[in-house]
Structures are given as C-alpha cells and as structure tokens.
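To start, the structure itself, in structure tokens.
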Amino acid sequence: MTRIVYVNGDYVPEDQAKVSVFDRGFLFADGVYEVTSVLEGKILDFDGHARRLTRSLNELDMAAPVTMDELLDIHRELMARNDLQEGMIYLQVTRGADADRDFAFPDPVKVPSTLVLFTQAKSIAESPAAKKGLKVISIEDQRWARRDIKTVQLLYPSMGKMMAKAAGCDDAWMVEDGHVTEGTSNNAYIVKDGKIITRHLSNDILHGITRAAVLRFAKEAQMVVEERAFTIDEAKDADEAFITSASTFVMPIVEIDGASLGDGTPGAVAMRLREIYLDESRKTAI
Ligand code: PMP
C-alpha cells in the first residue's frame, strides 16, 4: 500500500508529495515539528502536542497554518487513509517558500506556512528494547540555546546518535557544565534511593509531553520526584535511569559510558512507570 501523506491541504501518495526548494524549512531549518504516537488506532495526548506546537510557533512568530481542531481532523483522516493502528504521526510546519533565499522572515500574509504530515507504522508498545534496556554514552551538548522550541534543527542530535552507534551504544545523553541536559531525542532521568530525578524545565531542554505525563503519574503513585539538574557522575552512580519520549514512552537505561547501573537490567521504577504510562495513555487516547 502506498503511503498517503498530507501537504498543504492535499492528501497525496508519498511519491507525488512536493515542497519547494525555496522552502525555509529546507534552506534555514526554519520550521517546527511534533511527533505523536498512535495505539489501537487512537492518538496519545493530542492536546499536549497541540499546545506545545502552538507555543513553538509563537516563540518563532510563525503563523499556525490551520487551527488545532483542523489539525486533529487531518491526523484522523491520515490515520484512516493509511489504516494506521500503531505507530507515529509526524507533523512539520515551516515558514513557507519565499520567492528567493532571504534571511529576513517573509510577510506571513504573502507567504503561507508549509504544513506536512505523514504516518509511520511501527510496533511501539511491545518493545524488545524496553525489556533489555538501552546503553548510552555522554557527549557535550553543542546545540543552540533555545532547546525548548521544537525546531527541525536536528543535525547535532543526529550526530549524537551516530557517535553512540560508533561506540556500540543506543543513544547519547548530552552534558553541559557537567550536568545532563537530555537525550538526543528524549528527556533523561535517574533514580537514586527511590527518588526520581530529572532536569527542571528551562530553555535548556525540550519540555517533553511524555515527561509531563510521566511526572504526573509518578506523583499520583506517591513516588518522590525531584526536578533539578544532575551531573553525569551522579547518573553513573544512580540505582537506575530511563528516558521518555512520545515514541519510546518510558525506556530503561542500563549503562552510561560503560558503567552498569544497578544489576545491569531495567530498573523497577522505570518498568513500573512504563506500565502506568501505557495504561493511562490508552485510557485518554482519542
Ligand atoms: N527532548 C528532545 C531533545 C526531543 O527531541 C524529544 C522528542 N521529540 C523529547 C525530549 C521528548 O519529548 P516528547 O515526550 O514530547 O516526545
């Protein structure tokens, strides 16, 4: 079955979908994105992702191409046309295609933003990686200073994934001034003496939608949560560690820079949170 993608109001086969070479997403990485997960044909936490998208657009003075209600309809139509039961929906908004390459933002009335969405069918709830746990390396965080905006400037995270791969690991945790910011495409957590520790929100990290939900569920389950920066040394000495993101949910980390955490298998807190997250998200999926 040919995948049907959405481009600026049209649903087209993926090999017929086109965006201009003058699109600012292509020329300047002048765009933002969201990834939402789909389980049993329903979207998880659409409102959270729509809220963050609105915030990203506002921070960059970029016009929303459609209303958030229309965006939900597009998600549903795309799911139906691709018969998506489980996987992800990727969406990207850019500042559109100006008449020429110009650093200055174009007039949004003359140049409409570009909106693209596509589905990615994938088994995500039943994850062999979650049973085994991931190995991460630490790398210096060399990204720009507005990591709270979900832009498509993903070159450094891509490089980080390649560095991890070269080291025989699954991912990288980025470190600034000795403190962990986040994973290349996820938020980072450690567990010490039963306490869940994760970096506080600021411009230094993406405000993960999964992070917000997981911290809420953890507090509801009477777990102790501390939102503060932690060092990479503290992480290597932790009882357990994990990451969260819309597409991996809660994923245990079993090794950091070659140092095994606990007994080297997924920790109990991470496994429990994964279970709670999946149960609760299924209940509120739309
Ligand atoms: N941090 C970064 C840098 C990310 O790219 C992502 C995933 N897009 C996250 C955190 C997790 O965010 P979410 O839970 O909303 O997927």
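Both backbone and side-chain heavy atoms feed into the values below; hydrogens, waters and symmetry mates do not. Each ligand, and each atom within it, is numbered from 1 in the order the structure gives.
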Which residue and heavy atom of the protein sit nearest atom 14 (O) of ligand 1, plus the separation: Thr210 OG1, 2.6 Å
Enumerated ligand 1 atoms positioned under 4.0 Å from heavy atoms of Arg143: 3 (C)
Exceeds 12 heavy-atom contacts within 6.0 angstrom, atom CD of Glu275: no
Main-chain N/O of His179 paired to Asp177 side chain as donor or acceptor, under 3.5 Å: no
Side-chain donor/acceptor of Ser37 to backbone N/O of Ala246, under 3.5 Å: yes
Residue Asn187 vicinity, atoms of ligand 1 by number, heavy atom under 4.0 Å: 10 (C), 11 (C)
Leu154 to ligand 1, any heavy atom closer than 4.0 Å: no
Any donor-acceptor pair under 3.5 Å from Arg52 side chain to His207 backbone: yes
Enumerated ligand 1 atoms positioned under 4.0 Å from heavy atoms of Arg52: 12 (O), 13 (P), 15 (O)
Nearest non-hydrogen protein atom, atom 12 (O) of ligand 1: Gly208 CA, 3.5 Å
Enumerated ligand 1 atoms positioned under 4.0 Å from heavy atoms of Ser245: 11 (C), 14 (O), 16 (O)
Smallest separation among heavy atoms of Leu53 and Glu34, with atom names: N-OE2, 3.6 Å
Test of proximity, Leu206 against ligand 1: N or O pairs below 3.5 Å: no
Minimum heavy-atom distance Val180-Ala188, with the two atoms named: CG1-CB, 4.0 Å
Ligand 1 contacted by Glu34 (non-hydrogen, < 4.0 Å): no
Which segment of Val35 sits under 4.0 Å of ligand 1 when only heavy atoms are counted: neither
Donor-acceptor contact present, side-chain Arg147 to main-chain Ser202, <3.5 Å: no
Polar contact flag for Ile209 and ligand 1 (N/O pairs, less than 3.5 Å): yes
Per-atom contacts, ligand 1 versus Lys150 - under 4.0 Å to a heavy atom: 7 (C), 8 (N)
Lys42 atom NZ, neighbour heavy-atom count above 12 within 6.0 Å: no
Any His207 heavy atom less than 4.0 Å to ligand 1: no
Distance from atom 5 (O) of ligand 1 to nearest protein heavy atom, with residue and atom: Ser185 CA, 3.3 Å
Atoms in ligand 1 with a heavy atom of Ala246 nearer than 4.0 Å: 13 (P), 14 (O), 16 (O)
Minimal non-hydrogen separation, Phe217 against Glu280, with atom names: CZ-CB, 3.3 Å
For atom 1 (N) of ligand 1, closest protein heavy-atom neighbour: Glu182 OE1, 2.7 Å
Parallel, tilted or perpendicular: rings of Tyr189 and Phe242 (30°, 60°): parallel
